[in-house]
Amino acid sequence: MHVLILGGTTEARSLAGLLHGTPGLRLTSSLAGRVAAPRLPEGEVRVGGFGGVEGLAEWLREQKVRGLIDATHPFARTISFHAAEAAAIAHVPLLALRRPGWVRTEGDRWRMADSLEEAARLLPELLPPALPVLPEPSPGPAAPAPSRAPAAPGPERRVFLSTGRMGLAAFAACDGVRDDLWFLVRSVDEPEGLRPARTRVLLDRGPFTLEGERELLARHRIEVLVTKDSGGAATAPKLTAAREAGIPVVVVRRPPVPEGVAVAPDPEGAARWVAERLTDRAVRS
């Protein structure tokens, strides 16, 4: 039986490790190819797109795939819906492997947003402009001054964008509204396309530690954290660090799984789904 795993997530790699070497199972993992140096799963790997819904459906038929697992990132909405359509066309059972989302706990200062654009619109509310810095009066006897030195701009307000390298254009729109917002962007690869004018890019790959996240927030004097509800433990320490520091967090809700698609919350559940189909095929044989 041939099973195709879509995605290069931690869960996709874990699932490939669980299934690799299973008797009677051919396993292929498909990576989108957007990361320059991806961590490769065990087993057969292909890299690149399929050419849309029809291309994926044709690949499923040609390769005689009997089980499709969508283990892509929770925010990879396009490929998830393409997978659902292609699986229906090719009559291939489909499972979505989705890590649970994060859960708000006592002390969290979360604001929920339905999109990156909405998250960007929340920033002026969460970070009102700082008061301008007035010049110190010169010493000496009071005397009428012909003119007063202009006030220096207030200090910049600092935002940590932990939303990946795509979608930064939504925050570039803040440049036309406020000139005091400064952004720290963390991603695995260098972002492409439009980004805010005052941006520093930090190239790094999780998992991240709580101590490291505490130090990062303090060193960059972060005042607001923006993140997607990706779930999982690899990047969760930033939420704990923000809670400890009393920093507001804007959390972008994840898109829904396509209607009618079965969902497993972890690689072990997905592996059981595959095992059940292997057993069914053995019985029918």
Side-chain angles (χ1 to χ4, degrees), residues 7-15 17 34-39 41 71-76 97-116 118-120 122-123 126-127 157-168 170-171 181-191 195-196 199-255 264-269:
T9 59
T10 301
E11 290 75 19
R13 292 192 301 273
S14 296
L15 176 59
R34 291 178 176 172
V35 177
R39 294 172 176 167
T72 57
H73 191 277
F75 282 81
L97 172 52
R98 287 291 182 273
R99 68 186 82 139
W102 290 314
V103 178
R104 186 197 307 255
T105 61
E106 185 177 356
D108 283 327
R109 299 176 59 195
W110 287 11
R111 291 287 298 272
M112 304 304 296
D114 288 325
S115 66
L116 292 174
E118 183 180 349
L122 287 173
L123 293 181
L126 293 170
L127 292 173
R157 311 307 302 268
R158 303 172 75 85
V159 182
F160 177 21
L161 291 183
S162 180
T163 54
R165 67 190 182 96
M166 305 180 70
L168 297 184
F171 298 92
L181 296 181
W182 178 92
F183 296 89
L184 175 68
V185 174
R186 182 168 67 190
S187 64
V188 175
D189 291 322
E190 184 72 25
R195 68 180 76 173
T199 296
R200 176 176 176 182
V201 176
L202 175 62
L203 299 182
D204 203 355
R205 187 199 301 261
F208 302 103
T209 66
L210 177 56
E211 188 57 38
E213 299 294 62
R214 287 169 176 157
E215 192 275 335
L216 182 142
L217 295 182
R219 172 161 44 94
H220 294 284
R221 307 192 308 280
I222 297 301
E223 298 174 276
V224 171
L225 165 65
V226 182
T227 185
K228 296 176 178 177
D229 182 16
S230 301
T235 58
K238 65 191 172 191
L239 299 174
T240 302
R243 181 171 62 250
E244 293 176 348
I247 294 173
V249 180
V250 180
V251 180
V252 181
R253 294 184 180 93
R254 58 174 63 180
D266 51 43
E268 291 76 15

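Atoms considered below: every heavy atom in the structure, side chains included; atoms not considered: hydrogens, waters and symmetry mates.
Considering only heavy atoms from C-beta on, Leu181 stays 4.5 Å or farther from Phe171 through its side chain. Contact of the Leu122 side chain with the Val224 side chain is not registered, since no non-hydrogen atoms from C-beta on lie closer than 4.5 Å. Annotation: side chain of Arg99 is in contact with side chain of Ser230 (closest heavy-atom distance under 4.5 Å).
No more than 12 heavy atoms of other residues, nucleotides or ligands sit less than 6.0 Å from atom CZ of Arg200. With a 6.0 Å radius and a threshold of 12 heavy atoms from other residues, nucleotides or ligands, Met112 has its CE atom above the threshold.
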key: Derivation and outcome, side-chain contact (heavy atoms from CB on, under 4.5 Å), residues Leu184 and Arg158   = CA-CA 8 Å; Leu184 175 68; Arg158 303 172 75 85; over 6 Å; no
request  = Would you check, one step at a time, whether the test side-chain contact (heavy atoms from CB on, under 4.5 Å) holds for Met166 with Ser187?
outcome  = CA-CA 9 Å; Met166 305 180 70; Ser187 64; over 6 Å; no
task = Check step by step if side-chain contact (heavy atoms from CB on, under 4.5 Å) holds for Glu244 and Leu239.
result = CA-CA 9 Å; Glu244 293 176 348; Leu239 299 174; over 6 Å; no
request  = Mind running salt bridge (Lys or Arg N to Asp or Glu O under 4.0 Å) on Arg253 and Asp229 for me, showing each step along the way?
outcome  = CA-CA 6 Å; Arg253 294 184 180 93; Asp229 182 16; over 6 Å; no
task = Tell me, with the steps shown, if Phe183 and Leu168 meet side-chain contact (heavy atoms from CB on, under 4.5 Å).
result = CA-CA 10 Å; Phe183 296 89; Leu168 297 184; over 6 Å; no
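Residue Glu213 is tested with Arg219, Arg243, Arg186 for a salt bridge (charged side-chain N to carboxylate O under 4.0 Å, His left out); the sole match is Arg186. In summary, of the residues considered (Val185, Leu216, Val249), a side chain to side chain contact (heavy atoms under 4.5 Å, CB included) with Phe160 occurs for Leu216 alone. None of Thr227, Leu116, Asp114 except one satisfies the side chain to side chain contact (heavy atoms under 4.5 Å, CB included) rule with Val252; the exception is Leu116.
Considering CZ of Phe75 and OG1 of Thr163, their distance stands at 10.0 Å, rounded to 0.5 Å. Note that the NZ atom of Lys228 and the OG1 atom of Thr235 stand 11.5 Å from one another [nearest 0.5 Å]. For the atom pair CD1 of Ile222 and CZ of Arg157, the computed distance is 11.5 Å after rounding to the nearest 0.5 Å. Here CZ of Arg205 is found 5.0 Å from CZ of Arg39. Values are rounded to the nearest 0.5 Å. To the nearest 0.5 Å, atom OG1 of residue Thr10 and atom CG of residue Leu15 are 12.5 Å apart.
Counting all heavy atoms, side chain and backbone alike, Glu223 lies closest to Ile247 at O-CG2, 3.4 Å. Across every non-hydrogen atom of Leu210 and Ala241, the tightest pair is CD1-N, 3.8 Å. Among all heavy-atom pairs drawn from Leu217 and Ala242, the shortest one is CD1-N, 3.7 Å. Among all heavy-atom pairs drawn from Ala12 and Gly7, the shortest one is CB-O, 3.2 Å. Nearest approach of Val250 to Ala119, heavy atoms of both residues: CG1-CB, 3.6 Å. Nearest heavy atoms, Val201 versus Arg195: CG2-NH1, 3.4 Å.
The backbone N or O of His73 sits nowhere less than 3.5 Å from a side-chain atom of Thr9 that would complete a donor-acceptor pair. The backbone N or O of Val188 lies less than 3.5 Å from no partner atom in the side chain of Arg165, so there is not a single donor-acceptor pair. A donor-acceptor pair is defined here as one N or O able to donate and one able to accept, closer than 3.5 Å; such a pair exists between the side chain of Arg109 and the backbone of Gly246. Here the side chain of Trp182 pairs no donor or acceptor atom with the backbone of Thr199 at under 3.5 angstrom.
The side chain to side chain donor-acceptor pair (under 3.5 Å) test applied to Arg111 returns Glu125, not counting sequence neighbours.
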